[in-house]
Amino acid sequence: MTASDLIARLDAERGAADEAIRAARSAAEVEELDRRFLGKASVAASVKEQIKGLDTADRPGVGKALNEFRTAVEALLQGERERRAGGDGDRLGSERIDVTLPGRGPTRGHLHLVTQVQRELEDLFVGFGYRVAEGPEVETDWNNFGALNIPEAHPARSMWDTLYVRLGEPEQVLLRTHTSPMQIRVMQAQEPPVYIVMPGRCYRKETLDARHSPMFHQIEGLVVDRGITFGDLAGTIEAFTEAYFGAGHHARLRPSYFPFTEPSAEFEVTCIFCEGSGCGTCSQSGWIELGGCGMVDPNVFTAVGYDPEEWSGFAFGFGLERMAMIRFGIDHIKTFYENDVRFLSQF
Ligand code: FA5
């Protein structure tokens, strides 16, 4: 072939390469065209071989044409590769799936409502300068009744339907019916003055109704000092109800009877469900009883070795479930212990 034949072949091949590369449908096809137009079996490789057989004077012209061919085809191939990379990039962008959403972790639990109420009241009383103490739920008859001025066969024992534990002498060990035995434990363990609250679980042989459960919680309070009066008790109760329920809740102290306090009172707040007009939750009375209180009976001081001539004091015991019911509008005590997460997770 002459030099001009070779140059013409390269021109034709360049046209073919241009057309084929622009029509390529895949990245693999582009690489295939690279081999077809620039590889060992290509027209360019053949022209390169034939240059050797040309006259020396013709060789530079064909060599230059071959270089131009290679440069042009490489540029076309490279352009196509870059276009495809960009196109893939666009496609990848549009098809991207966001996998960075937070996964569903285990749901975190929290403290039971009664525990929350207990801790809040503890904090409140610690703020008033009280200490906090806890004691056993299995008690002696002496601490639960005897030392609290309720001797055996005293009619007042019927105020508390007691669950006895088969331990020791019959009917000498029981599940505490109230937190008041903690008064005895604390006074036996320390000298006055005493400013203390004692929360905990209590048990009674009782049928479940809207306000009563066989297992419930109380918080007991005890203050012993010189010159403590009923006014101090009333003031303390007022201060703590206002701090816990907020202003605007009506409360009243009603004369009552407890063997271990004299005088004694019952502490009640207006029923929030009927606002005083009477409903099932408050047994139609318009009031919900929160607890009992009174001035510590001198017989109790004598039982623990305190001199009733020197010391005076007051005590109170409130139901924690009742406090939560009134504050959050819960109309049945059973909801505390059914373990329904829909109820518990609201608090
Ligand atoms: C007593 O238990 C006395 N120890 C209270 C006391 C302490 C009086 C110190 C004087 C000095 P009472 O049985 O009324 O009292 O119970 C007090 C409160 O505990 C009730 O007002 C109520 O809020 C709560 N309570 C009593 N029984 C139950 C029950 N079965 N379920 C839920 N709460 C109860």
Side-chain angles (χ1 to χ4, degrees), residues 113-114 117-118 121 135 137 139 143-145 147-150 156-163 174-187 194 196-224 228 230 232-234 236-237 240-241 244-245 251-269 271 281-283 285 287-297 299-301 312-327 330-337:
L113 176 57
V114 171
V117 171
Q118 178 180 323
L121 289 171
E137 290 166 28
E139 262 296 2
N143 284 340
N144 195 83
F145 291 125
L148 288 166
N149 202 27
I150 322 170
R157 285 205 177 198
S158 61
M159 289 167 74
W160 295 277
D161 289 314
T162 311
L163 291 157
L174 45 80
L175 295 179
R176 68 180 176 191
T177 57
H178 49 180
T179 41
S180 300
M182 279 302 291
Q183 292 185 31
I184 305 302
R185 286 181 177 269
V186 165
M187 288 193 281
V194 177
I196 199 159
V197 283
M198 299 149 283
R201 231 174 249 147
C202 309
Y203 303 84
R204 292 185 195 178
K205 209 163 65 191
E206 273 192 39
T207 311
L208 183 78
D209 69 17
R211 285 168 299 140
H212 297 90
S213 155
M215 187 283 293
F216 61 98
H217 295 73
Q218 285 187 340
I219 186 161
E220 189 85 9
L222 175 68
V223 167
V224 183
I228 298 289
F230 197 90
D232 296 315
L233 167 61
T236 303
I237 287 182
F240 118 85
T241 26
Y244 185 73
F245 292 113
R252 69 176 184 183
L253 283 177
R254 208 159 54 98
S256 185
Y257 168 74
F258 294 100
F260 34 91
T261 47
E262 183 59 37
S264 303
E266 241 157 33
F267 169 66
E268 300 177 327
V269 289
C271 174
T281 306
C282 62
S283 307
S285 69
W287 295 89
I288 293 186
E289 179 201 314
L290 271 187
C293 57
M295 302 305 290
V296 180
D297 192 290
N299 287 344
V300 176
F301 282 149
S312 61
F314 64 77
F316 56 80
F318 298 136
L320 293 186
E321 287 85 353
R322 293 273 174 96
M323 306 211 53
M325 287 171 78
I326 290 163
R327 179 144 151 204
I330 300 162
D331 61 1
H332 206 297
I333 197 168
K334 71 175 181 187
T335 45
F336 287 92
Y337 301 112

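Just follow the structure's listing: the first ligand is 1, and inside any ligand the first atom is 1.
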*Any chance you could lay out the side-chain hydrogen bond (donor to acceptor under 3.5 Å, both in side chains) test for His212 and Arg322, step after step, and finish with the verdict?*
CA-CA 9 Å; His212 297 90; Arg322 293 273 174 96; 3.3 Å; yes
*Which ligand 1 atoms does Gln218 reach within 4.0 Å, using its non-hydrogen atoms?*
1 (C), 2 (O), 16 (O), 17 (C), 18 (C), 19 (O)
*Determine whether the side chain, the backbone, both or neither of Leu290 has a heavy atom under 4.0 Å from any heavy atom of ligand 1.*
backbone
*asked:* Using a 4.0 Å cut-off to any heavy atom of Gly292, which atoms of ligand 1 qualify?
replied: 6 (C), 7 (C), 8 (C), 10 (C)
*Does the N or O separation between Glu321 and ligand 1 drop below 3.5 Å for any pair?*
no
_Min heavy-atom dist Trp160 to ligand 1 below 4.0 Å_ = yes
*For ligand 1, is any non-hydrogen atom under 4.0 Å from Glu289's backbone (N, CA, C, O), its side chain (CB onward), both, or neither?*
both
*Minimum heavy-atom separation for Ala147 to Ile184, with atom names?*
CB-CD1, 3.6 Å
_For atom 13 (O) of ligand 1, the option (of Arg204, His178, Met323, Met325) bearing the nearest heavy atom_ = Arg204
*Minimum heavy-atom distance Cys293-Ile237, with the two atoms named*: SG-CD1, 3.7 Å
*Is the closest heavy atom of Ser264 to ligand 1 under 4.0 Å?*
no
*List the atom of Phe216, the atom of Glu321, and the distance in Å for their closest heavy-atom pair.*
CA-OE2, 3.3 Å
*Does ligand 1 have any atom sitting under 4.0 Å from a heavy atom of Gln183?*
yes
_Proximity to ligand 1 by part of Phe316, non-hydrogen separation under 4.0 Å_ = backbone
*Quick one: look at Pro214 and ligand 1, take heavy-atom pairs under 4.0 Å, and tell me if it's side chain, backbone, both or neither.*
neither
*Heavy-atom distances under 4.0 Å are what count here, so tell me which part of His212 touches ligand 1: side chain, backbone, both or neither.*
both
